[in-house]
Asks: 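Here it is, the structure, as structure tokens.
What's counted below: heavy atoms across the whole structure, side chains too, no hydrogens, waters or symmetry copies. Start at 1 with the first residue, then count along the sequence. Since this is a predicted model, take the numbers as computed values, not measurements.
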Amino acid sequence: MSEFDGELSPAFEIVEPQLWRAPIIFNSPHSGSVYPQDFLIASRIDLAALRRSEDSFMDELIAGLSDRGFPVVRVHFPRSYIDVNREPYELDPRMFAGRLPSFANTRSMRVAGGLGTIPRVVGDGQEIYRERIDVDDALGRIEALYKPYHRALRKLINKAHQRFGAVIVVDCHSMPSVGLSRDEPRRPDVVIGDRYGTSCVALIADVVEQAMTARGYAVGRNKPYAGGFITEHYGNPSSGLHAVQVELNRAIYMDERLRERSARFAQVIDDFAILADALAEIPLGDLGSFQAAAE
């Protein structure tokens, strides 16, 4: 990973508590804000535009949970550079100079929308790059950043699963307060994504909804976000592996235009702590019997 030393070292961090309170992992894969200089030079849009894809400050909102007995994972590199919430090789051949590997998934809906593993556009649809990227550059990012992150996350999940017999991954994201389409209804304060009931037992989504509703949030499920690769890939409820995505409306905790924390920021930190406490009260027996996680 020498090409990223200094800029993206470490590329991500895992903060484990001294004593695990419960097998609940809080993960922030899209709040990274360290932009490699070569990436900024290659971009046709400025840093402010690139940052529109960030789940800004989400890592800060959950950072204190490690002191409460819950491990926290945060990524430092931006999702516009490489997105760990995608398959490892969801790649758009139109973006690259050179031939992609034969196993690359070039036809997914996310690739079609410009939001593959190496995104073509930022969240508001603006094209990122001035010209095509060398294939070796893309594959290098996957090897040096994407794969180590997923190896570390999988190791952490396995550790919790083997110790407790079950694990919950809470994948933490934030969304723009309004969608790109004028036809989209007003977005709720929180969207719970459980891949339409397939990534975790219903009890987990119910507890998230009850906890957030009790704190005054308007809560929706699976629309407009049902969960991405992380939720789908790590959620296997029949084996005691549960993953739920929690998507927070950015207008709740920040000024989206100025990209600054709002007056409610500290309250949202407290609300996430209450959510963590509520999830920790779920009996392990309701999360599935012990079964060692597959590597």
Asks: Would R68 and D277 pass as an ion pair if we require N to O under 4.0 Å?
Replies: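 A salt bridge links R68 with D277.
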Asks: For S239 and N236, test the side chains for any donor-to-acceptor distance below 3.5 angstrom and give the result as yes or no.
Replies: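 Result is yes, a qualifying pair exists.
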Asks: State whether the side chain of S53 and the backbone N or O of G123 hold a donor-acceptor pair below 3.5 Å, judged by distance alone.
Replies: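 Flag set: sc S53 to bb G123 pair under 3.5 Å.
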Asks: Minimum heavy-atom separation for V219 to E209, with atom names?
Replies: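 It is CG1-CG, 3.9 Å.
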Asks: Give the minimum heavy-atom separation between G216 and D189, together with the two atoms involved.
Replies: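 The pair with the smallest heavy-atom distance is O-OD2, 4.1 Å.
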Asks: Which value, rounded to the nearest 0.5 Å, describes the distance between H173 atom NE2 and I230 atom CD1?
Replies: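 Reported value, rounded in 0.5 Å steps: 5.5 Å.
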Asks: Identify the two heavy atoms, one from N105 and one from R107, that lie closest to each other, and give their separation to 0.1 Å.
Replies: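 Scanning both residues completely, I find the closest heavy atoms to be OD1-N, 3.2 Å.
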Asks: From R120 CZ over to R110 CZ, what is the distance, rounded to the nearest 0.5 angstrom?
Replies: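 One gets 15.0 Å once the value is rounded to the nearest 0.5 Å.
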Asks: Which heavy-atom pair separates F57 from R259 by the least distance, and what is that distance?
Replies: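 Here F57 and R259 meet closest at CZ-O, 3.6 Å.
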Asks: How close do S108 and E90 get, counting heavy atoms only, and between which atoms?
Replies: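 Taking every non-hydrogen atom into account, OG-OE1, 2.6 Å.
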Asks: In the single-linkage hydrophobic clustering (I, L, V, M, F, W, Y; side-chain heavy atoms under 4.5 Å), do F70 and I204 co-cluster?
Replies: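 Yes, F70 connects to I204 through the hydrophobic network.
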Asks: Salt bridge (charged side-chain N to carboxylate O under 4.0 Å, His left out) between R79 and E54: does it pass, once the steps are laid out?
Replies: CA-CA 7 Å; R79 67 177 299 192; E54 277 181 31; over 6 Å; no
Asks: If you measure only the distance, is there a donor-acceptor pair under 3.5 Å linking the side chains of H150 and Y234?
Replies: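 Yes.
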Asks: Does R52 reach the main-chain N or O of Q126 with its side chain, forming a donor-acceptor pair under 3.5 Å?
Replies: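 No: the side chain of R52 does not pair with the backbone of Q126.
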Asks: Below 4.5 Å, heavy atoms only, C-beta onward: do L50 and P78 meet side chain to side chain?
Replies: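 No, their side chains stay 4.5 Å or more apart.
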Asks: Could you tell me whether the side chain of I82 reaches within less than 4.5 Å of the side chain of T117, counting heavy atoms only?
Replies: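 Touching, per the 4.5 Å side-chain cut-off.
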Asks: Could you measure the distance from the CZ atom of R130 to the CD1 atom of I41? Nearest 0.5 Å is fine.
Replies: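 With rounding to 0.5 Å, CZ (R130) is 9.5 Å from CD1 (I41).
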Asks: Salt bridge (charged side-chain N to carboxylate O under 4.0 Å, His left out) for E232 and R195? Distances and angles first, verdict last.
Replies: CA-CA 7 Å; E232 180 180 20; R195 304 293 298 180; 3.5 Å; yes
Asks: So, R74 and S28: side-chain donor and acceptor under 3.5 Å apart, yes or no?
Replies: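 No, no side-chain donor-acceptor pair sits under 3.5 Å.
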Asks: With a 4.5 Å limit on heavy-atom distance, are the side chains of P23 and R163 in contact?
Replies: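 A side-chain contact is absent here, since even the closest heavy-atom pair is not under 4.5 Å.
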Asks: Does either side chain, that of D83 or that of H30, offer a donor lying less than 3.5 Å from an acceptor on the other one?
Replies: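 Distance-only check passes for D83 and H30.
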Asks: Out of curiosity, does Y196 fall in the hydrophobic cluster containing Y225 (side-chain heavy atoms, cut-off under 4.5 Å, transitive links)?
Replies: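 No, it is not one cluster - the side chains of Y225 and Y196 are not joined through contacts under 4.5 Å.
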Asks: Taking all heavy atoms of F96 and all of R132, pick out the closest pair and write down the distance.
Replies: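 Where F96 meets R132 most closely, the heavy atoms are O-NH1, 3.0 Å.
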Asks: Does this structure show an ion pair linking E60 with R261, if we count only N-O contacts that are shorter than 4.0 Å?
Replies: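 Yes.
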Asks: Quickly, which of R221, E247, M212 forms a side chain to side chain contact (heavy atoms under 4.5 Å, CB included) with V190? Name it, please.
Replies: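 In the set R221, E247, M212, the residue that makes a side chain to side chain contact (heavy atoms under 4.5 Å, CB included) with V190 is M212.
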Asks: Can any side-chain N or O of S31 pair as donor or acceptor with the backbone N or O of D55 at less than 3.5 Å?
Replies: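 No: the side chain of S31 does not pair with the backbone of D55.
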Asks: CG of L145 to CZ of F77: how many Å apart, nearest 0.5 Å?
Replies: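 Interatomic distance, L145 CG to F77 CZ, rounded to 0.5 Å: 5.0 Å.
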Asks: Among residues at least two apart in sequence or on other chains, which ones pass side-chain contact (heavy atoms from CB on, under 4.5 Å) with V268?
Replies: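 For V268 the side-chain contact (heavy atoms from CB on, under 4.5 Å) partners, ignoring immediate neighbours, are L61, Y217, L248, I252, Y253, R264, F272.
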